[in-house]
Amino acid sequence: MDLTASGARVVTATRRPGLAPAGTVLAGSVISMVGLTWDVQWHDDVGPDTFFTLPHLFLYSGSAIVGLASLAVVLLTTAAQRAGRPVDPRIGGRAIGVFGRTFAAPAGYLTSGVGAALFLLYGLWDQWWHGLYGFDAVIDSPPHIGLLLSVTLSIIGTTMVFAAAREHRWGRIGVFGSLAVLIAFSAVTALGLQQVNLDPVEATSVGSTLLSVLLVFAGAGFLRRPGGAVATAAILAVIQAVFWWFSPWAARTYADLVGLPVRDYVSGVPDMPALMPMALLPVAALVEGYLLIARRRGWQLGRVSVLAGGLAGLLVGATLLVQRGLVYSGHVGDLTAVLATGVAAGVLGVTGGFSGWRFGGMLRLLAPVSEGSNA
Amino acid sequence: MRKTLLALGAVIGLLLATALPANAYEPVNIVHTERVQAGPYGLTVGFSTWPLRAMQSLDFTFIPDGGIGTKTGTLALHNPSAAAFQRPQPLARHPRKRDVWGLDIRALPTEGTWAFRFTINGPRGQGTGELKSLPVLAQPGPPMGLSWAISSLPLIGLVVLVVIAWRRTRGRLRGGGVPAAA
């Protein structure tokens, strides 16, 4: 976890400065994600809840790992700066002065650390909430959405951390990996939109689609070469496939461990993986093809991303509703809702494509390498 | 490597040890009951808290006279803000009281007058009955608007962060940099 690139010790000690803390924050996010998919499945398939369940401990320890790793990097950066050693901006990005320059915090680790700290605060609020309302296993309660948004902030910080190391292959892979983790999480966070009634438009599907499109385009805009969108969507597909198997298995194994029965009439559908858009990978491949044609013809990719985002939103939004219908009931469902949701997601996808491409560019700027290079 | 594995083992052990309280689930404690007649079948509806308040979770039990035996059935809820009963769901055994039907840690989300409709199939055919006028009082705690506002703070913070970053990178992302917007 050395931070000083200038020190000869660092250069000789490791050829990958920053990989260890970056890997640790990503591992923390993945542990939280495992806890979340397990917890959601547990409530559906088994039921009873206390604060001290194993899925909860995964959720909380994941955030604790992110928080402690971020804090360690901030403290080491602060120490390095105070000692007059130059700070390597490839480790988490340029250092920002916090509390009147008391601390020097790399932008990425500052964001992931703030997310982890907020998680702790919303965790306390969630405890109070459950004391008042009981453990009612409702995913879209205000403290739960606060918790999920805090994790979102942590993962955005993780993406920034890897983006700062863009010159390394692991940095680029880490960006796509953390973007995919963000899409996986956002599928659940979007359930907060269940409070919004836009009948026949399904608000949660529109929200989930917007974030998926935005993050896939962020992958494309970050790499600025073919492959960024597909890499992000492919990692999400792997997460979805692994959790499709893992979530029901973990819920049942834990139920056996603590001697609780599985509910009557469980759907058998892995809940959190079922929320993730299955069409994202083929749609990302279409987006890559479109961007490839645009590149060859010399079109402005920033403008191209607007139309491509709209089309991606339309396809992902409509198929997401079909996917849910087929997975849960074997029927496509209400065609009016499918079309209305697809159109709404397409309209918002325009902003998703545009903003995502731009966010990808912003992520590139975190790395201290010349913009002429493709790394 | 050995140290890392030992540390990992210690963490997993600690997690499992602290997770053991998960085993200690409270029994289902019924403090109030109501009677429903569903055709030829009498049914006792039990509540683990009384009176009911919106959003507060509780255990419901549904016990047909003579036990669940070979009977099956469905339950449809009527939310006071909805025009009709929700889609019926199969009556399932309570996860912590397997000899009766029930709902565990379920909250009724809105205040007002709820209704439960039971359809029961058994040796004496099918019968339907309703528990009408189930009063649910207002939710305790802060108003939902305030709670959602508190929960939205990370989102607002994120939006502010994005706006600042967007403005600061505007110049560098035009033209020769990453052709994002123009």
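Note on naming: letters A, B, ... go to the chains in the order of the sequence lines (proteins, then strands), and numbering restarts at 1 for each one. All of these numbers come straight from a predicted model, not from anything done at the bench.
- For a residue to count as touching a neighbouring chain, one of its non-hydrogen atoms must lie under 4.5 Å from one of that chain's; by this rule B:R93 touches chain A with backbone and side chain alike.
- Both the backbone and the side chain of A:S355 come within contact range of chain B, judged by heavy atoms closer than 4.5 Å.
- Looking at B:L58, neither its backbone nor its side chain comes within 4.5 Å of chain A, counting heavy atoms on both sides.
- When all heavy atoms are compared, the tightest approach of A:F135 to B:S57 is N-OG, 3.6 Å.
- Legend: residues meeting side chain to side chain donor-acceptor pair (under 3.5 Å) with A:T351, ordered by chain and number and at least two apart, are absent.
- Residue B:L91 touches chain A through its backbone alone, counting heavy-atom pairs closer than 4.5 Å.
- In terms of non-hydrogen atom pairs under 4.5 Å with chain A, the most contact-rich of B:I150, B:L158, B:V162, B:L161 is B:I150.
- A salt bridge (Lys or Arg N to Asp or Glu O under 4.0 Å) check over residues 108-119 of chain A, counting only residues at least two apart or in different chains, returns nothing.
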Subject >> Intermediate values then yes/no, side-chain hydrogen bond (donor to acceptor under 3.5 Å, both in side chains), B:Q89 and A:Y265 >> reply: CA-CA 10 Å; B:Q89 59 190 88; A:Y265 311 115; over 6 Å; no
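- Using a 4.5 Å cut-off between heavy atoms, A:L148 makes no contact with chain B at all.
- Using a 4.5 Å cut-off between heavy atoms, B:A149 makes no contact with chain A at all.
- Panel note: side chain A:Y133, backbone B:P140; a donor-acceptor pair is recorded below 3.5 Å.
- Within the model, atoms CG of A:L147 and OG of B:S151 stand 8.0 Å from one another, a figure rounded to the nearest 0.5 Å.
- Of the atoms belonging to A:V306, not a single heavy atom falls under 4.5 Å from chain B.
- Here the straight-line distance linking atom CD1 of B:I105 with atom NE2 of A:H43 works out to 6.5 Å at 0.5 Å rounding.
- The two residues A:M362 and B:T169 have their closest heavy-atom pair at CG-OG1, 3.3 Å.
- Put simply, CG on A:D264 and OG1 on B:T72 are 12.0 Å apart, with the number rounded to the nearest 0.5 Å.
- Of all non-hydrogen atoms in B:P95 and A:P261, the two that sit nearest each other are O-CG, 3.5 Å.
- Within the 4.5 angstrom heavy-atom criterion, only side-chain atoms of B:R98, from C-beta onward, approach chain A.
- Of the possible donor and acceptor atoms, one in the side chain of A:R358 sits under 3.5 Å from a partner among the backbone N and O of B:W166.
- The backbone N or O of A:L132 lies less than 3.5 Å from a partner atom in the side chain of B:Q56, making a donor-acceptor pair.
- Applying the 6.0 Å contact sphere to CZ of B:R168 captures no more than 12 heavy atoms from other residues, nucleotides or ligands.
- Rounding to the nearest 0.5 angstrom, the gap separating the CD1 atom in A:I145 from the CH2 atom in B:W148 is 5.0 Å.
- Under the 4.5 Å side-chain criterion, counting only non-hydrogen atoms from C-beta, A:W357 is not in contact with B:L173.
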